[in-house]
K.L.:
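Handing you a structure now.
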Amino acid sequence: MRKPTLSQPSPSAAAPGNDSLIQKAKQHLLQNYKQQPIALVRGLGTRVWDADGKAYLDCIGGIAVCALGHCHPEIVAAAKAQLDTLWHVSNVFYSQPQIDLAEQLTEWAGLPRAFFCNSGAEANEALIKLTRKVMKDRGTPERFEIISFEKSFHGRTLATVTATGQPKYHAGFEPLPAGFQHVPYGDLEAVRRAVGPATAAILVEPIQGEGGVRMAPEGFLAGLRALCDERGLLLLVDEVQTGMGRTGKPFAFMHDGIQPDAISIAKALGNGLPMGAMLCREDVAASLTPGTHGSTFGGNLVSAAAANVVLRLLRQPGFLADVQAKGEHFLAGGRALQAALPPGRVKAVRGKGLLMGVELDREAAPVVAKLRDAGLLVNSAGETTVRFAPPLIITRQELDEALGILQRVLASL
Ligand SMILES: *Cc1c(COP(=O)(O)O)cnc(C)c1O
């Protein structure tokens, strides 16, 4: 196999280019995505190459997934070794990669029980089912409602899309499942007013990623924790995007010094191999007794083998401190760029660690396209925000390179 390097990215002459791949895609794929018009064929670290041989600096990393970059040699080696040993046994049997991963992950998160699945939506689905079962077991079956937030994103299954506080994702899929309610993000008083006799839990993202990289105001999570304690509700934290070191702490809730009852994880957990997890406290874990929940592929051995290396690398001394420092450097650079551009062009620069949103005075999608042409991959979050979620291994020099491209493109609008 040919190893891509920065100086030698060109595809073989016989390989199909962007245009022919995209033409075929339009014939055969369900047209449910707004896809950027390039087909990516190779990646190494923070770089990817398209089918025409053009190189890009990848500042979206498969949407906050490839935290250790593309084809990290230690993760590749672990996945390959597992491929040569045993792929899949289902949860009818025990398997060591999954057990090791549960040990590492529960220790890191400070939540003692792990359930494995394959995606963020499935991890959130587990939070929802856990909540309903806990309330039944407590003898309060009338409590089934989950309060979540406007502009939130929790997934695309019927239940998780209903928890998602964005009407555009609901349209056409009614009737939606019962038991969900949305309130304005960051408004503790609104949450307090929304809690009623049917309320069972609050589901919250520490930072709304898809919603435009919107930060919870200072003290919001702590306020939710106190409200949950006062009213006997579960506090569920969706760490699918913000977890796994993205914000410079293992999980974003840790910035606020709170203890959730349960969290969901996915995206970066397998660094690109499908893997999700729900972690929870011992007392609530007891409700999901044998047979109550499950997943055939959940905790798949190859994904788990990769995830074990991801965890080991993220937990190396100094790794997250470096993410935090690079994140501060990046945010400062974003704010300097905002000040240097014509007033109002950049309305806000938000983020934590290596998750950054640059809110523009216009639709983000055409700007994302210009950035791509200039060799920088990002995506839009919300209508007007450009989202950066680069691999956590990105260097300061590469962050500056990204900021330079952003500045040139925004100055040319
Ligand atoms: C991406 C995301 C999800 C959904 O994850 P899938 O793996 O696409 O199902 C859920 N919650 C948050 C916060 C996300 O960012």
Side-chain angles (χ1 to χ4, degrees), residues 30 32-35 60-67 109 115-131 146 148-166 168-170 173 180 182 185-186 201-216 220-221 224 235-247 251-253 260 262-279 295 297-300 303 306-307 310 350-357 378-382 385 387-390:
L30 191 73
N32 58 317
Y33 297 109
K34 286 183 207 150
Q35 289 178 290
I60 191 61
I63 319 185
V65 166
C66 305
F115 164 77
F116 291 114
C117 51
N118 310 280
S119 69
E122 253 189 288
N124 284 330
E125 193 81 30
L127 290 179
I128 296 165
K129 286 184 71 177
L130 173 76
T131 298
I146 293 177
S148 59
F149 295 92
E150 290 169 8
K151 295 197 169 76
S152 62
F153 186 83
H154 300 294
R156 301 294 201 129
T157 63
L158 261 184
T160 59
V161 87
T162 306
T164 293
Q166 303 191 51
K168 68 174 179 187
Y169 292 137
H170 298 162
F173 297 108
F180 296 90
H182 307 106
Y185 189 60
I202 296 170
L203 172 62
V204 65
E205 294 161 273
I207 299 171
Q208 292 187 324
E210 301 294 320
V213 191
R214 291 174 195 282
M215 322 289 293
F220 184 55
L221 290 187
L224 293 179
L235 180 60
L236 314 172
V237 180
D238 182 340
E239 291 273 3
V240 170
Q241 187 157 162
T242 53
M244 302 302 293
R246 172 59 48 191
T247 68
F251 299 95
F253 73 79
I263 67 173
S264 53
I265 315 173
K267 291 201 164 85
L269 180 54
N271 205 60
L273 289 178
M275 175 63 95
M278 187 272 285
L279 303 180
S295 164
F297 289 124
N300 169 271
S303 294
V310 170
R350 295 183 291 264
K352 199 177 261 178
L354 287 170
L355 180 61
M356 181 166 89
V378 290
N379 81 344
S380 47
T385 300
R387 171 174 43 183
F388 293 78

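Side chains are part of it too, since the values below use all heavy atoms of this structure and drop only hydrogens, waters and symmetry mates. First listed ligand is number 1; within each ligand, the first listed atom is number 1.
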K.L.:
Taking atom OG1 of T247 and atom CD of Q241, what is their separation to the nearest 0.5 Å?
P.N.:
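Here the rounded value is 11.0 Å.
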K.L.:
Provide, line by line, the atom pairs where ligand 1 and the protein bring an N/O atom each to a distance under 3.5 Å; else say none.
P.N.:
residue  : atom   : partner : partner atom : Å
ligand 1 : 7 (O)  : G120    : N            : 2.8
ligand 1 : 9 (O)  : G120    : N            : 3.4
ligand 1 : 9 (O)  : A121    : N            : 2.8
ligand 1 : 11 (N) : F153    : O            : 3.2
ligand 1 : 11 (N) : D238    : OD1          : 3.4
ligand 1 : 11 (N) : D238    : OD2          : 2.8
ligand 1 : 15 (O) : Q241    : NE2          : 2.7
ligand 1 : 15 (O) : K267    : NZ           : 2.6

K.L.:
When you look at OH of Y169, are more than 12 heavy atoms from neighbouring residues, nucleotides or ligands closer to it than 6.0 Å?
P.N.:
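Above 12, so yes.
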K.L.:
Determine, stepwise, if the pair V237 / V204 fulfils side chain to side chain contact (heavy atoms under 4.5 Å, CB included).
P.N.:
CA-CA 5 Å; V237 180; V204 65; 4.3 Å; yes
K.L.:
Quick one: CE on M278 to CG on L130, what's the gap to the nearest 0.5 Å?
P.N.:
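Nearest 0.5 Å value for the CE-CG distance: 4.5 Å.
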K.L.:
Does a side-chain N-to-carboxylate-O contact under 4.0 Å join E210 and R387?
P.N.:
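Counted as a salt bridge, because a side-chain N and a carboxylate O are separated by less than 4.0 Å.
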K.L.:
List the residues meeting side chain to side chain contact (heavy atoms under 4.5 Å, CB included) with A123, not counting sequence neighbours, and say none if there are none.
P.N.:
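Here the qualifying residues are C117, S264.
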